Amino acid sequence: MIMRAETLQPESLQLDAQGRLCHLLTLDGLPVDVMQALLERAQALADGASPHVNNNSFLASFYFEPSTRTRISFEVAANRLGWKSLLLTPSDSSFRKGESLTDTITTLAALGIDAVCIRHSDPSVATSAAKAARDSMAIINGGGGAADHPTQGLLDALTIRQLKPDWSKLRIAIIGDVRHSRVAKSDIKAFTALGAHQIRLAGPEYLLPDKAPENCELVSNLRSAIAGADVVIALRIQTERLQDSAALDVAAYRRDWCLTEHNLEVAKPECIVMHPGPMNRSVEIDDAVADGTRSRILAQVTNGVYLRMAVLEALTSHH
Ligand code: CP
């Protein structure tokens, strides 16, 4: 049966008929061998492998929400592959004059752009862009609402496997605003696909999902969540996605949920600490932890470049 592109779900759009990556929209349903291949290639690049240089390729960044890490690391990755990277700012583009997303995407494809990274508060926008682009250009979801941030999930997996490669043994704690975090959702999808099955999600009740995803447990106390953990991931409160951010009691949040050296005493001695950034220091994480010996936060940033190089290579390898 031939399905119309308009009816396809993101997981059915991102692989071509040969099972090769043609868009990266979500980690939902992404085959584990595709994830593993991206992680292995990213690690090889981190270890000094030569990139597959292509001087004729173009990446466009199209961000409707702010970004430092994702946007710049994609641009650094593109430049290391010999690509030219271009910025399309929504407020300065013809989008502002009423041009539709579909017309914007087909115009970019006609201009010869090879890949567009899109970030938007609406998680369906990257999927709509992939439906418009079809096989003329790759679409990458650079963060979609509270739902998906696939390259962050993969770079977090890369950061963990560098030190702790046996996923089946890992106890992972994700602390904070899990409910509104696209990073947490993509992390959980990546980690469980790779074999993790002991993931604790902890935070105040109003910041936790209503139901624990498969292989996850909801925990209502910080020290219980990080007891015996191998990996602790702190999350930023997504104030931009809270209905009433003014009602947030920051002092109470810090008292109950801030990652401190004291709280980390109950984790495994070799436990690592991660944070996708940007951090609210002294709210969800203390300086001593963020800048301490357990911290892999800047390693995550560096790994983001290698992981995104691997993604750009994979998306264009069959063109
Ligand atoms: N982790 C992350 O997405 O950071 P930016 O918002 O800076 O891109």
Side-chain angles (χ1 to χ4, degrees), residues 24-27 38-39 42 59-80 85-91 115-123 125-126 129 139-160 162 172 174-191 203 207 231-242 245 259 272-281 283-285 289-291 295-312:
L24 181 56
L25 307 171
T26 178
L27 298 184
L38 290 170
L39 295 176
L59 169 75
S61 302
F62 196 27
Y63 283 57
F64 291 80
E65 288 189 336
S67 169
T68 297
R69 279 148 283 267
T70 308
R71 200 190 106 193
I72 299 299
S73 62
F74 261 115
E75 292 179 5
V76 172
N79 279 276
R80 286 199 187 158
S85 56
L86 307 169
L87 177 63
L88 184 65
T89 311
S91 58
V116 182
C117 183
I118 298 182
R119 170 173 287 193
H120 200 287
S121 58
D122 178 344
V125 165
I139 301 295
I140 304 160
N141 184 355
D148 279 300
H149 196 347
T151 55
Q152 182 75 43
L154 291 170
L155 77 88
D156 286 350
L158 178 66
T159 305
I160 292 173
Q162 286 170 340
I172 301 172
I174 303 180
I175 311 292
D177 185 2
V178 180
R179 181 185 283 268
H180 302 105
S181 172
R182 55 193 174 210
V183 174
K185 289 172 190 114
S186 290
D187 278 356
I188 293 165
K189 287 171 198 164
F191 304 164
L207 295 180
V231 178
V232 176
I233 301 175
L235 300 172
R236 178 178 70 88
I237 304 178
Q238 312 270 304
T239 45
E240 67 275 31
R241 299 188 216 290
L242 289 181
S245 60
L259 268 192
I272 59 170
V273 171
M274 296 166 50
H275 191 304
M279 289 183 276
N280 289 310
R281 287 171 179 262
V283 178
E284 71 262 7
I285 190 165
V289 176
D291 305 325
S295 174
R296 299 289 293 156
I297 294 167
L298 291 178
Q300 289 172 268
V301 177
T302 305
N303 283 331
V305 174
Y306 297 118
L307 187 281
R308 287 165 177 136
M309 289 171 76
V311 167
L312 294 177

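First listed ligand is number 1; within each ligand, the first listed atom is number 1. No hydrogens, no waters, no symmetry mates; every other heavy atom, side chains included, goes into these values. What you are looking at is a predicted structure, and each value in this text was computed from that prediction instead of being measured.
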So H149 and R119, side-chain hydrogen bond (donor to acceptor under 3.5 Å, both in side chains) or not? Walk me through it.
-> CA-CA 9 Å; H149 196 347; R119 170 173 287 193; 3.3 Å; yes
May I have the step-by-step check of side-chain hydrogen bond (donor to acceptor under 3.5 Å, both in side chains) for N79 and S85, ending in yes or no?
-> CA-CA 7 Å; N79 279 276; S85 56; 3.2 Å; yes
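Ligand 1 has a nitrogen or oxygen under 3.5 angstrom from a nitrogen or oxygen of S67. Annotation: P276 places an N or O atom under 3.5 Å from an N or O atom of ligand 1; distance criterion only.
For the residue pair R308 and S73, a side-chain donor N or O sits within less than 3.5 Å of a side-chain acceptor on the partner.
For atom 3 (O) of ligand 1, the nearest non-hydrogen atom from the set H149, R182, R69 comes from H149.
A salt bridge (charged side-chain N to carboxylate O under 4.0 Å, His left out) with D148 is found for one member of K185, R182, K189 and no other, namely K189.
Within the 4.0 Å heavy-atom cutoff, G143 does not count among the residues contacting ligand 1. Heavy-atom distances between R119 and ligand 1 reach below 4.0 Å in at least one pair.
Of the protein's heavy atoms, T70 OG1, 3.6 Å lies nearest to atom 2 (C) of ligand 1.
Listed by number with element, the atoms of ligand 1 under 4.0 Å from a non-hydrogen atom of T68 are 5 (P), 7 (O), 8 (O). Near G277, meaning under 4.0 Å from any of its heavy atoms, are these atoms of ligand 1: 1 (N), 2 (C), 4 (O).
Counting heavy atoms from C-beta outward, L312 and F74 have side chains that approach closer than 4.5 Å.
Counting only distance, with no hydrogens or angles, the side chain of T89 and the backbone of S91 share no donor-acceptor pair below 3.5 Å.
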